[in-house]
Amino acid sequence: MQGGSTGIGYGLKCQARCIADVKADTDHTSFITGTLSLKEENEVHLIRLAAGGTELICEGLFSHPNEIWDLASCPFDQRIFSTVFSTGESYGAAVWQIPELYGQLNSPQLEQIASLDAHTGKIKCVLWWPTGRHDKLISIDEQNILVWSLDSSKKTAQVHLKESAGILHYLTGGSWDPHDLNSVALTSDSVIQLWDLRTMKMSNSIEQAHARNVDYDTKKQHILVTAEDETGIRIWDLRMLKFPIAELPRHAHWTWTVRCNPEYTGLILSAGTDSAVNLWFASVRSSEDAAVPESLVESPMKHANPLLHSYNDYEDSVYGLAWSSREPWMFASLSYDGRVVVESTKPHLSRK
């Protein structure tokens with residue numbers, strides 16, 4: 001099913017690629033996003049869905065010193081987040097704290113808690129431990145993975161572990177397994193590397209996987225979803241890596257981003273450079289299979305077509321996707337022209 005956007009919009013003044021759910025804000029459906037401009041002053045916007053669910057409100061607007069290429073929200077403190085940024089000549093990464101807002105739109109400057117400055121290569125992303133309070137962070141550059149110990153009260157970050165992925169691999173990103181603190185999936189030019197942080201070594205790999213993005217299923221162990229250039233979206237059982245256990249069609253152009261729903265197994269979002277966001281339901285069968293609640297998808301009906309809906313009312317490539325942890329049927333998308341749209345998937349989840 002295809003259709004235009006019926007969502008709630010919000011505009012940034014510059015181009016942008018990154019948006020994240022503010023998971024630690026349990027009172028509001030909130031997202032944080034940042035701009036990507038070489039010429040204009042870059043900004044971080046803290047936006048919330050109004051109580052009536054009819055508009056997006058800017059709760060905070062903050063100046064950021066450089067163009068933002070990656071942004072992630074701290075899972076246990078709604079005022080803390082990380083960015084990867086470019087000065088035009090080099091890349092850096094830092095952890096920031098939002099000041100107390102006091103109801104003001106133009107708020108005081110962001111406070112830098114820590115600089116993740118031990119990298120020598122181009123930094124790609126920062127990963128927070130997905131759930132609960134934990135002092136560890138991961139940062140990834142083109143050749144290395146670093147594990148940091150963060151002390152936000154003392155405003156320090158120290159490198160705890162560091163290892164090279166080898167000169168033959170060009171790292172592009174990764175995802176931290178929400179079921180296993182010691183497991184991380186890293187994307188590279190042609191291989192997905194599965195790392196064990198206890199040994200800081202690659203424990204397994206998925207060969208010939210030209211993945212731009214990966215995400216773990218948050219409700220079911222051992223399930224990894226990949227967004228790949230040529231094959232589209234593939235779903236893997238990490239105990240059986242010879243073949244994917246399911247495949248979903250590719251976007252009309254590059255499939256750039258994939259996100260698993262935080263609450264409902266098999267509900268997946270994907271976005272790409274074809275200016276579309278696709279909502280999928282993939283029936284993932286494994287020994288730990290948990291049924292999707294009947295309130296979401298009527299049982300025992302099976303989906304011959306896994307595509308529930310395609311949101312195609314965008315004028316530019318869509319790089320940013322974020323499910324809401326507080327209202328898991330809601331998601332935010334961000335197109336490169338700086339347009340944020342928050343949508344409800346409820347109309348597409350029930351089959352009558």
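If you read the sequence from its start, that first residue is 1, and numbering goes on from there.
In this structure the side chain of L269 never reaches within 4.5 angstrom of the side chain of N278, judged on heavy atoms. By the 4.5 Å heavy-atom criterion applied to side chains, V342 and F331 are not counted as neighbours. Residues W280 and L267 form no side-chain contact, since every pair of their non-hydrogen atoms from C-beta on lies 4.5 Å or further apart. Side-chain atoms of I123 and I140, non-hydrogen and from C-beta on, never get closer than 4.5 Å to each other. Using a 4.5 Å cut-off on side-chain heavy atoms (C-beta onward), F85 and Y91 make no contact.
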Table please: side-chain donor-acceptor pairs of residues 10-19 below 3.5 Å, with sequence neighbours left out.
| from | atom 1 | to | atom 2 | distance (Å) |
| --- | --- | --- | --- | --- |
| Y10 | OH | H45 | ND1 | 2.7 |
| Q15 | OE1 | Y336 | OH | 3.1 |

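Pairs engaging residues 150-160 under the side chain to side chain donor-acceptor pair (under 3.5 Å) rule: E111-K155, D151-S153 [sequence neighbours left out].
I57 and V340 fall into different hydrophobic clusters, where Ile, Leu, Val, Met, Phe, Trp and Tyr residues are linked whenever their side-chain heavy atoms come under 4.5 Å apart, directly or through other members.
A donor-acceptor pair is defined here as one N or O able to donate and one able to accept, closer than 3.5 Å; no such pair exists between the side chain of H28 and the backbone of L49. No side-chain donor-acceptor contact under 3.5 Å links T29 to the backbone of S324. Proximity of a side-chain donor or acceptor of D70 to a complementary backbone N or O of V126 within less than 3.5 Å is detected. Proximity of a side-chain donor or acceptor of S86 to a complementary backbone N or O of G88 within less than 3.5 Å is detected. At least one donor-acceptor pair under 3.5 Å links the side chain of H179 to the backbone N or O of K220. Although no hydrogens or angles enter the test, the distance criterion places a donor-acceptor pair under 3.5 Å between the side chain of T35 and the main chain of E43. Between the side chain of E59 and the backbone N or O of R48, no donor-acceptor pair lies under 3.5 Å. Remark: side-chain polar atoms of S203 are paired, donor with acceptor, to backbone N or O of L194 under 3.5 angstrom. No donor-acceptor pair under 3.5 Å is formed between the side chain of R79 and the backbone N or O of Q97. Although no hydrogens or angles enter the test, the distance criterion places a donor-acceptor pair under 3.5 Å between the side chain of N42 and the main chain of L36.
Closest heavy-atom contact between A157 and L150: CB-CD1, 4.1 Å. Taking all atoms of both residues into account, the shortest heavy-atom contact from L321 to S333 is CD2-CB, 3.9 Å. Nearest heavy atoms, F81 versus S73: CB-CA, 4.0 Å. A211 and V214 make their closest contact through CB-CG1, 4.4 Å (heavy atoms, listed as atom of the first residue, atom of the second, distance). Taking every heavy atom of both residues into account, L71 and G34 meet most closely at CD1-N, 3.9 Å. Contact detail for P130 and K23: the closest heavy-atom pair is O-NZ, 3.0 Å.
Salt bridge status for R198 with D196: present, with a side-chain N to carboxylate O gap under 4.0 Å.
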Exercise for review: Please report the C-alpha distance between E228 and R234 in whole Å, then the side-chain angles of each, then the deciding distance to 0.1 Å, and finally whether the side chain to side chain contact (heavy atoms under 4.5 Å, CB included) criterion is met.
Suggested key: CA-CA 8 Å; E228 302 183 35; R234 299 202 286 183; 3.0 Å; yes

Practice item. Tell me, with the steps shown, if V318 and W256 meet side chain to side chain contact (heavy atoms under 4.5 Å, CB included). Key: CA-CA 8 Å; V318 182; W256 198 272; over 6 Å; no

Check your understanding: Checking side-chain hydrogen bond (donor to acceptor under 3.5 Å, both in side chains) for the pair T172/T187: CA distance, chi angles, key distance, verdict?
Key -> CA-CA 5 Å; T172 58; T187 56; 2.6 Å; yes

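Of the candidates D21, N213, D215, N213 is the only one forming a side-chain hydrogen bond (donor to acceptor under 3.5 Å, both in side chains) with R259.
For F62 and H64, the ring centers are positioned 6.0 Å apart or more. Here W176 and W129 bring their ring centres to under 6.0 angstrom of each other.
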